[in-house]
2 protein chains.
Amino acid sequence: MTRYPGQKHYLVAVDCIIFGFDGEHLKLLLIKRDFEPEKGKWSLMGGFVQPDESSEEAAKRILFQLTGLEGVYLEQLETFGRPDRDPVERTLSIAYFALIDIHQYEKQISGKYHAGWYPIDKYPKLIFDHSAMVELARKRLRYKASLHPILFELLPEKFTMPQLLNMYEDVYDAAFDKRNFSRKILSTDLLMKQKDKDKSASKKGAFYYKLNKRKYTANFHAFLKFIPNPDHLI
Amino acid sequence: MTRYPGQKHYLVAVDCIIFGFDGEHLKLLLIKRDFEPEKGKWSLMGGFVQPDESSEEAAKRILFQLTGLEGVYLEQLETFGRPDRDPVERTLSIAYFALIDIHQYEKQISGKYHAGWYPIDKYPKLIFDHSAMVELARKRLRYKASLHPILFELLPEKFTMPQLLNMYEDVYDAAFDKRNFSRKILSTDLLMKQKDKDKSASKKGAFYYKLNKRKYTANFHAFLKFIPNPDHLI
DNA sequence: GAAAATAATTGTACATTTGACACTACAAAA
DNA sequence: TTTTGTAGTGTCAAATGTACAATTATTTTC
């Protein structure tokens with residue numbers, strides 16, 4: 001039988017950067033690590049890749065463990081492989097980032113991990129190189145979202161134009177002209193205007209929109225040049 | 001001492017998708033695998049991550065082994081982690097792609113690996129999931145190159161406008177209007193016109209250009225919206 | 001020195017996209 | 001019915017992108 005003699009074996013983990021949007025701010029889902037080392041410290045949700053699963057399956061499993069959600073937007077970010085990143089023994093971590101509808105998450109019960117949502121620009125110190133993962137994920141989110149309509153993944157099924165604007169403004173930490181913004185958004189033809197309104201935020205109420213899933217899938221790659229000043233991408 | 005009990009360990013490899021441009025076509029550097037399994041079959045250049053090195057260092061080492069080149073453009077592509085991707089035992093592979101000046105490579109001697117350059121759309125069957133890696137790298141290259149001036153990494157220090165046009169046309173498998181092309185390229189202010197000409201391709205000769213490295217570094221992220229019709233990115 | 005071949009420049013008309021900007025519409029509450 | 005707070009539009013000028021052609025420049029070769 002063939003072998004690869006003399007090669008070292010390592011642990012391989014998956015860590016998930018989970019983004020949510022609460023209507024005000026872009027947030028990050030963190031947990032309190034429940035094993036040593038660094039037990040009790042804030043951390044990304046992660047776990048080891050099991051023998052029978054791919055790394056993507058591992059990420060989905062871990063995401064489901066924490067949030068109870070399936071079928072969410074998930075993308076491989078990058079593999080972190082510095083030899084000393086885990087003090088216990090060499091562990092490479094494949095980082096994934098996920099975009100979830102925070103309100104769906106809230107329906108789930110998961111006290112087990114003592115999870116908490118933190119604003120993306122004000123989260124606690126994290127273990128190991130998890131902060132580097134978060135910062136990279138944040139850049140990638142901006143990059144990707146300036147080219148593709150992925151931010152819709154953060155919203156509930158029905159959302160309003162002001163909510164959408166808020167979200168983009170928070171993600172890019174910039175102000176957009178609401179007239180130009182809505183013109184651009186609507187020109188993509190990705191949204192379907194609903195008959196009912198959200199009146200929780202104003203007297204007049206704002207019309208709900210739904211995403212046209214078919215067109216979303218079909219035009220995912222044709223959303224380019226969406227954000228006015230793409231210096232955010234750096 | 002803290003441990004992670006009961007977790008499986010795996011081999012971790014690095015595979016390099018090495019792109020070159022010979023003045024005519026975008027090419028891929030492949031080797032003949034010199035160990036079992038699949039010995040003698042075509043493969044990407046790869047190797048196992050050693051205990052003292054990060055995955056990026058491993059990729060650089062492997063690149064150097066094959067090409068003798070250092071300081072080349074190198075970017076992590078994605079980690080391939082299907083449980084059965086290597087028939088011998090579970091091995092995760094972190095794929096990197098590199099852009100090199102093919103002429104610099106040719107100066108190196110490296111008969112050891114029986115390496116060969118193949119056109120990107122006509123390369124032999126590769127072992128394992130290496131073909132999937134190549135196809136992903138190709139997509140990524142187009143994507144990235146439509147937003148950032150990375151294709152200059154494929155050219156020698158001095159190059160001409162027709163060469164540049166050739167390269168873009170081959171990478172995107174599309175024809176570009178040379179007038180609009182050169183206008184756009186020059187408007188980026190990334191090129192420095194030289195006094196001498198390349199007369200190998202025509203009687204009149206074409207002026208050489210050099211990349212302004214300072215501006216290249218400074219404006220790397222501001223090259224956006226370069227390619228006319230970004231449907232190639234899919 | 002004329003012909004041939006390609007490089008390089010300049011132009012231009014048109015459609016499209018962008019960005020700056022200010023007012024009206026609506027519905028509830030007072 | 002007036003007030004209040006937010007939602008929702010319209011216009012214009014400038015910049016950009018694109019599809020075209022014609023001309024000039026340079027050098028080798030015939």
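Lettering follows sequence order; numbering is per chain, from 1.
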Nucleotide by nucleotide, nucleotides 25-30 of chain C touches protein heavy atoms under 4.0 Å in the pattern (B base, S sugar-phosphate only, - none) BBBB--
B:Lys60 with B:Glu56: basic N within carboxylate O range, under 4.0 Å
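A salt bridge is present here (some side-chain N lies under 4.0 Å from a carboxylate O).
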Measure the distance from [atom1] on [X] to [atom2] on [N] and round it to the nearest whole Å.
X	N	atom1	atom2	answer
A:Lys178	C:dT24	NZ	P	14 Å
B:Phe176	D:dG17	CZ	P	14 Å
A:Leu164	D:dA7	CG	P	13 Å
A:Ile185	D:dT9	CD1	C1'	16 Å
B:Phe207	C:dT9	CZ	P	8 Å
B:Gln163	C:dA7	CD	C1'	13 Å
A:Leu186	D:dT9	CG	P	8 Å
B:Asp198	C:dT6	CG	C1'	12 Å

Would you kindly compare A:Asn180 and B:Lys193 by the position of their nearest DNA chain C nucleotide and give the one closer to the 5′ end?
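Per heavy-atom nearest nucleotide, the more 5' residue is B:Lys193.
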Nearest to the side chain of A:Asp177, which nucleotide is it out of C:dA8, D:dG8, C:dC21?
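From the listed options, C:dC21 comes nearest.
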Look at the rings of A:Phe152 and A:Phe159 and say which category their plane angle falls in: under 30° parallel, 30 to 60° tilted, over 60° perpendicular.
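A:Phe152 and A:Phe159: tilted rings.
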Does a side chain donor of either B:Asp15 or B:Ser93 reach within less than 3.5 Å of an acceptor in the other side chain?
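Yes.
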Donor-acceptor side-chain pairing of A:Tyr209 and A:Gln163 below 3.5 angstrom
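Absent: no donor and acceptor within the cut-off.
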For A:Ala201 and for A:Ser182, find the nucleotide of DNA chain D with the closest heavy atom, then tell me which residue's nucleotide is more 5'.
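The 5'-side residue here is A:Ala201.
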Is any N or O donor-acceptor pair between the side chain of A:Arg179 and the base of C:dA20 shorter than 3.5 Å?
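Looking at the base of C:dA20, it does not pair with any donor or acceptor on the side chain of A:Arg179 (distance under 3.5 Å).
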For a quick check, tell me whether the side chain of A:Arg183 and the base of D:dG8 share a donor-acceptor pair closer than 3.5 Å.
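Looking at the base of D:dG8, it does not pair with any donor or acceptor on the side chain of A:Arg183 (distance under 3.5 Å).
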Determine whether the aromatic ring centres of A:Trp42 and A:Tyr123 lie less than 6.0 Å apart.
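Between A:Trp42 and A:Tyr123, the centre distance exceeds or equals 6.0 Å.
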Set of residues satisfying side chain to side chain contact (heavy atoms under 4.5 Å, CB included) with respect to B:Glu75, sequence neighbours excluded
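Once residues adjacent in sequence are excluded, the partners of B:Glu75 under the side chain to side chain contact (heavy atoms under 4.5 Å, CB included) criterion are B:Tyr73, B:Phe97, B:Arg140, B:Lys144.
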side-chain hydrogen bond (donor to acceptor under 3.5 Å, both in side chains), that's the test. Do A:Tyr172 and A:Ser146 meet it? Break it down for me.
CA-CA 9 Å; A:Tyr172 289 99; A:Ser146 77; 4.5 Å; no
